[in-house]
Amino acid sequence: RFSERLPGAGSFASLLVGTGWGAPEPERIRILGRVGKTSEVFRDRERLVQRALRDGLSIVPWRDHDGNPRALILREIEAGRAPEWTQIGLSDDTVDPDFSMILIDGTGEVVGWVICQFHPGVRRWGFPVGWIHEEHQRRGWLLVAYAQGAHRIEKLHGADAIAAFESSSGLPMMWRVLEHRFAPYADHVDRVLVSGKHL
């Protein structure tokens, strides 16, 4: 895995292919910038949030969850209701309970989650995972959760607070949103490429 922004990334990709590795393919997209910029992305944030709430979405920060969010997520993955990659960053002690979220539908079922990490060394909030069940992807609920997370960081830490949002190729709709809606307002955008070889 390597970033397309690394110096010589194109030459490295050619070297991989020439030595029997698979052609590098995009695996993740990363968008980094100031949370205050999201107000330009989400001029309709309040309308989106209210519509999602009327449709039955509940966004519960880890700190306000009455159970164990980490264990809940692992159970969902073990039961096959979520893919393995949705636990990225889950074992780190950098998980921020104020901005990590559990998404629940009107029946009380867990339908997704957002994991947020705080990196004090660079004073940056990272969202390595945002995921929602396929049946809810077109409803925009994950986008609403990201919007709420950025909004809450701005309220508590100011518009210049830095956040990095990521999406996996396993969520193509969210990838497109980050690429086309977030990227024009971001300070940095890159894609993580992956190449493999059977040994």
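All values derive from a computational prediction rather than experimental measurement.
Here the shortest heavy-atom pairing between K197 and T19 reads NZ-O, 3.1 Å. Here the closest heavy-atom approach between residue I132 and residue L171 is recorded as O-CD2, 4.3 Å. Nearest heavy-atom pair, V114 versus W62, reported as atom, atom and distance to 0.1 Å: O-NE1, 4.3 Å. Between S100 and C116, the shortest heavy-atom distance links the atoms OG-N, 2.9 Å. The two residues A186 and I31 have their closest heavy-atom pair at CB-CG2, 3.4 Å. Here the closest heavy-atom approach between residue T38 and residue A150 is recorded as OG1-CB, 3.7 Å.
For the pair S195 (side chain) and G22 (backbone), a donor-acceptor distance under 3.5 Å is present. Side chain of E4 to backbone of R191: a donor-acceptor contact under 3.5 angstrom is found.
The CG atom of D55 lies 10.5 Å from the NE2 atom of H136; values are rounded to the nearest 0.5 Å. Rounding to the nearest 0.5 Å places CG of L57 at 9.0 Å from CD of Q148. The distance from the CZ atom of R152 to the CD1 atom of I59 is 9.5 Å, given to the nearest 0.5 Å. In this structure, E46 CD and R51 CZ are separated by 12.5 Å, a value rounded to the nearest 0.5 Å. The structure places CD1 of I73 at 5.5 Å from CH2 of W113, a figure rounded to the nearest 0.5 Å. Rounded to the nearest 0.5 Å, atoms CD (E76) and CG (L72) are 5.5 Å apart.
Side-chain heavy-atom separations under 4.5 angstrom define the hydrophobic clusters, and the remaining members of the one that includes L6 are F2, F12, L15, L16, W21, L193. When hydrophobic side chains of Ile, Leu, Val, Met, Phe, Trp and Tyr are connected at separations under 4.5 Å, L32 ends up clustered with I162. With a 4.5 Å cut-off between side-chain heavy atoms of Ile, Leu, Val, Met, Phe, Trp and Tyr, the cluster of M173 takes in none. Hydrophobic side-chain contacts under 4.5 Å tie L199 to no other Ile, Leu, Val, Met, Phe, Trp or Tyr residue.
When side chains are defined from C-beta on, S169 counts as touching W175, because their heavy atoms get closer than 4.5 Å. Here the side chains of F127 and Q117 are not in contact, with every heavy-atom distance at 4.5 Å or above. I88 has its side chain out of reach of I115: every pair of non-hydrogen atoms, C-beta onward, lies at least 4.5 Å apart. In this structure the side chain of L90 reaches within 4.5 angstrom of the side chain of L74, judged on heavy atoms.
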Open item on the list: For a side-chain contact (heavy atoms from CB on, under 4.5 Å) check, start with the C-alpha distance between Q137 and M174, then their side-chain angles and the critical distance, and finish with the verdict.
Closed with: CA-CA 8 Å; Q137 287 180 23; M174 195 65 211; over 6 Å; no

Task: Verdict with supporting geometry, R75 and E78, salt bridge (Lys or Arg N to Asp or Glu O under 4.0 Å) - done: CA-CA 5 Å; R75 283 198 302 272; E78 289 168 6; over 6 Å; no

- [ ] Could you walk me through whether V60 and M101 pass side-chain contact (heavy atoms from CB on, under 4.5 Å), step by step?
- [x] CA-CA 5 Å; V60 183; M101 299 165 267; over 6 Å; no

Open item on the list: Test side-chain hydrogen bond (donor to acceptor under 3.5 Å, both in side chains) on R5 and H188; report intermediate values, then the result.
Closed with: CA-CA 10 Å; R5 290 173 59 94; H188 297 285; 3.3 Å; yes

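Annotation for E25: atom CD does not count as buried by contact number, only 12 or fewer foreign heavy atoms lying within 6.0 Å. Other residues, nucleotides and ligands place more than 12 heavy atoms under 6.0 Å from the CD atom of E40.
The side-chain hydrogen bond (donor to acceptor under 3.5 Å, both in side chains) test applied to R138 returns no partner, not counting sequence neighbours. Partners of N68 under the side chain to side chain contact (heavy atoms under 4.5 Å, CB included) rule, at least two apart in sequence or in another chain, are R70, A71. Remark: S3 pairs with D190 by the side-chain hydrogen bond (donor to acceptor under 3.5 Å, both in side chains) rule, at least two apart or across chains. Checked against ring pair (Phe, Tyr, Trp, His ring centres under 6.0 Å), H133 has the following partners two or more places apart in sequence or in another chain: W131. The side-chain hydrogen bond (donor to acceptor under 3.5 Å, both in side chains) test applied to R124 returns no partner, not counting sequence neighbours. For A147, the side chain to side chain contact (heavy atoms under 4.5 Å, CB included) partners at least two apart in sequence or on another chain are F42, R45.
Clustering ILVMFWY residues whenever any of their side-chain heavy atoms sit less than 4.5 angstrom apart, transitively, puts V192 in a cluster other than the one holding V177.
The list of salt bridge (charged side-chain N to carboxylate O under 4.0 Å, His left out) pairs with a residue in residues 159-178, not counting sequence neighbours, reads R28-E166, R34-D160. Residue pairs satisfying the salt bridge (charged side-chain N to carboxylate O under 4.0 Å, His left out) criterion with at least one member in residues 95-123, sequence neighbours excluded, are listed as follows: R63-D98.
Using the six-membered ring where Trp is involved, F165 and Y146 have ring planes that are perpendicular, over 60° apart on the 30 and 60° scheme.
Here the rule is side-chain contact (heavy atoms from CB on, under 4.5 Å) with F182, and of L143, V189, I29 only L143 fits it.
Aromatic ring centroids of H119 and W125 lie 6.0 Å or more apart.
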